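This report concerns only the one structure given below.
The sequence lines fix the lettering, A, B, ..., with proteins before strands; numbering per chain opens at 1. Atoms considered below: every heavy atom in the structure, side chains included; atoms not considered: hydrogens, waters and symmetry mates. Worth saying up front: this structure is predicted, and the values here are computed from it rather than measured.
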Number of protein chains: 2
Amino acid sequence: MATITDVARAAGVSPATVSRVFNGGRVTPERAERVRRAAADLGFSPNRVAQSLRKQRGSVIGLLIPDIENPFFTALARGVEDAAQQTNLSVVLCNTDEDIEKERRYLGIALAEQMAGVIVAAASRDRTDLSALAARGMPVVAVDRRPRNAPVDAVLVDNQHGGEAATEHLLAGGYRRIACITGPAATSTSEERLAGYRDVLRTALHDGRVPAPPTGDPLTAWVRHADFKVEGGRAAMADLLAMETPPDAVFVANNLMTVGALTALREAGQTPPGFGVLSFGDVPWAALVHPSLTTVQQPSYDLGFTAATLLQERIGGTNTPLRTVVLRTALKIRASTAGPAPQDLAASP
Amino acid sequence: MATITDVARAAGVSPATVSRVFNGGRVTPERAERVRRAAADLGFSPNRVAQSLRKQRGSVIGLLIPDIENPFFTALARGVEDAAQQTNLSVVLCNTDEDIEKERRYLGIALAEQMAGVIVAAASRDRTDLSALAARGMPVVAVDRRPRNAPVDAVLVDNQHGGEAATEHLLAGGYRRIACITGPAATSTSEERLAGYRDVLRTALHDGRVPAPPTGDPLTAWVRHADFKVEGGRAAMADLLAMETPPDAVFVANNLMTVGALTALREAGQTPPGFGVLSFGDVPWAALVHPSLTTVQQPSYDLGFTAATLLQERIGGTNTPLRTVVLRTALKIRASTAGPAPQDLAASP
DNA sequence: GTGAAAGCGCTAACAA
DNA sequence: TTGTTAGCGCTTTCAC
């Protein structure tokens, strides 16, 4: 592998000059040309490791996501990658598996590899610790999920609003016993979507538009926390269906749990829209699901693209105050929430 | 950030001793303990960039895959990651997008970052160029797809056999006009799966078990090449259905194209098993697809795990001759190939 | 505009 | 077993 010194010798200049040619320093055109030719001849390409060591900063950005098998995050990753192309930073994808320990390890690696910056969808709102990076002055952008008390830029969606819109829509469709399957309580997105659900439901209960469940806190009885995975969604839905007074619709807080919930419904012989189903986030290959699913659409790609853009600004040295960008979701109405089955309507008082 | 020199000073030893403590050199227990304590106090963790520069080899392995949005590859990636944990190498995921140029860039980065090794699912059988890595002595393992003439270890599945089993099964189910939607001709997996289809079909034509299509080469008439993506599968299926004598079953060479093909079938008012559908590779969230799909199951996770294991052996310095590991696929029979509709049976002579 | 020289943090060869 | 020393390939003063 040719080094900068080899090129310098071949071009009859000093290594410093070669470096300048490749980094936009001032060099007379004639010598620059000689250097470039020599470099091409030798197949030289600068050693990024040496560059990183010397500059105390690499040209890789780390992207920490909790579930590489969730299409939401792969779309987000694509957004990050596309944005990163612009500055020829490369992206390292790290799958944290919703595991705080794995996440901690990867953050350590980011530090040890002197990465240029990190984009993180935090495994936990409270336990994700970004302080070491901050201390080192490494730029960090939080994406999708907001870690508490971390002094970082953030790119999020309007989760609460999405949760509200979803629940309103189910109410408007005639459903009266609306359940919610949300994610881990330690995740900001879970809680915000749930909060949206609760706010709308509270009002509806107050108005008398909706009956209270026979037992328990009406804002809790039909709520289940799961793990954002398919199997978790299935189990939660099965649990809801086994209740004495089961719900007649469900708002599911992410795409994979919706897949699980639909499976459980089918096993129980229920189908939308007789039983209403609304998913936060598009279900992958939803075209194959019948009936088509009403969803709160997430701008997953843009989430990634925006985060990478902000990060690159910081890496470039921007000193603006911390920014939080909130991207809009949109309710996409399809068939799965068209209204409860007639017998259900008759049965409700 | 504390350096090895800081730790050395704090512990009253030389930097070399500190290095030895962290790399398994011989150090008296007492001093080793002092070093460890000092390191802990200072929050020291070795600078991986400096390590890489000095050792001329990093602790990152590159994984180049053609489509990060395909669950087959994300499962494979998980396998790689899990295997890599064992030697605490980290994995950089690079999405080449089936684009030979992007792939070339990433291979260059692998070199410039002095990665420990590379696992690659080649974008092209003929045009993927691994020679620069070979020249540099960087270990490489090909996974899923075999690049031609590259002197590297490979981990593959028995594509041809899978294609044969699939076609046999459709024949046995009573389908008589079996189409094949395969991937790009430049990809080894496409061609091998197609070869399996053709071999079985050729025999069946010869035996007279199957009628030749009215026009064209019987081994080509019902074959379509697409791009391994959903939309490509949809278009290919639509094209097949528009034929004067359309097929009555299809063998689709990958999971995403199957999603597309199913969409096209639905649009045309056809449903399995009346129209037989068999997918090479599991369709994501297949549980939601009705009827359930017969598939050639791929060991995607193991593909990745095995590849990473081989790679790590090479990185460790194994000098065994080149190995090709072929993993078995398994035909998983479900409902989508249960046999053609009665009227079709009646109609065929 | 150019080159000489120092040094980023670490490890490996050698000497003690 | 331990320390000293050199150097991985690059960028960046600093002097010219």
Could you check whether D129(A) pairs with R104(A) (Lys NZ or Arg NE/NH1/NH2 to Asp/Glu carboxylate O, under 4.0 Å)? no
What I want to find out is whether E33(B) reaches R37(B) closely enough, with some N-O distance under 4.0 Å, to be called a salt bridge. yes
Mark yes or no for a side-chain to base donor-acceptor pair under 3.5 Å between R54(B) and dG9(D), with no hydrogen or angle criteria applied. no
Among [options], which nucleotide sits nearest the side chain of [X]?
X	options	result
A50(B)	dT12(D), dC10(D), dG9(C)	dG9(C)
S14(B)	dT2(C), dT11(D), dG3(D)	dG3(D)
A16(B)	dG9(C), dA4(C), dA12(C)	dA12(C)
S19(A)	dT11(D), dC10(D), dC10(C)	dT11(D)
L53(A)	dT2(D), dC8(C), dT11(C)	dC8(C)
R31(A)	dG3(C), dG9(D), dT11(C)	dG3(C)

Check whether any side-chain N or O of [X] sits under 4.0 Å from OP1 or OP2 of [N], and answer yes or no.
X	N	answer
T28(B)	dT2(D)	yes
Q56(A)	dG9(C)	yes
Q114(A)	dG9(C)	no
N47(B)	dC8(C)	no
R20(B)	dT11(C)	no
Q51(B)	dT11(C)	yes
R26(A)	dT2(C)	no
R34(A)	dT2(C)	no

Nearest-Å distance, [atom1] ([X]) to [atom2] ([N])?
X	N	atom1	atom2	result
L111(A)	dG9(C)	CG	C1'	14 Å
R9(B)	dG3(D)	CZ	P	14 Å
I4(B)	dG7(C)	CD1	P	19 Å
N23(B)	dA12(C)	CG	P	7 Å
K55(B)	dA13(C)	NZ	P	13 Å

Base, sugar-phosphate, or nothing: which does V49(A) touch, judged by heavy atoms less than 4.0 Å apart? nothing
Taking any heavy-atom pair under 4.0 Å as a contact, classify F22(A): base, sugar-phosphate, or nothing. nothing
Minimal non-hydrogen separation, P139(B) against A116(B), with atom names: CD-O, 3.4 Å
Quick one, R145(A) with E191(A), criterion salt bridge (Lys or Arg N to Asp or Glu O under 4.0 Å). Give me CA distance, side-chain angles, the key distance, then yes/no. CA-CA 11 Å; R145(A) 305 173 178 184; E191(A) 294 304 281; over 6 Å; no
Answer with yes or no whether the side chains of S59(A) and R48(A) bring together a donor and an acceptor at under 3.5 Å. yes
May I have the step-by-step check of side-chain hydrogen bond (donor to acceptor under 3.5 Å, both in side chains) for R125(B) and T189(B), ending in yes or no? CA-CA 9 Å; R125(B) 189 185 38 198; T189(B) 45; over 6 Å; no
Which is more 5' along DNA chain D, the nucleotide nearest T5(A) or the one nearest P15(B)? Just name the residue. P15(B)
Between T3(A) and V27(B), which is nearer to the 5' end of DNA chain D once each is assigned its nearest nucleotide? V27(B)
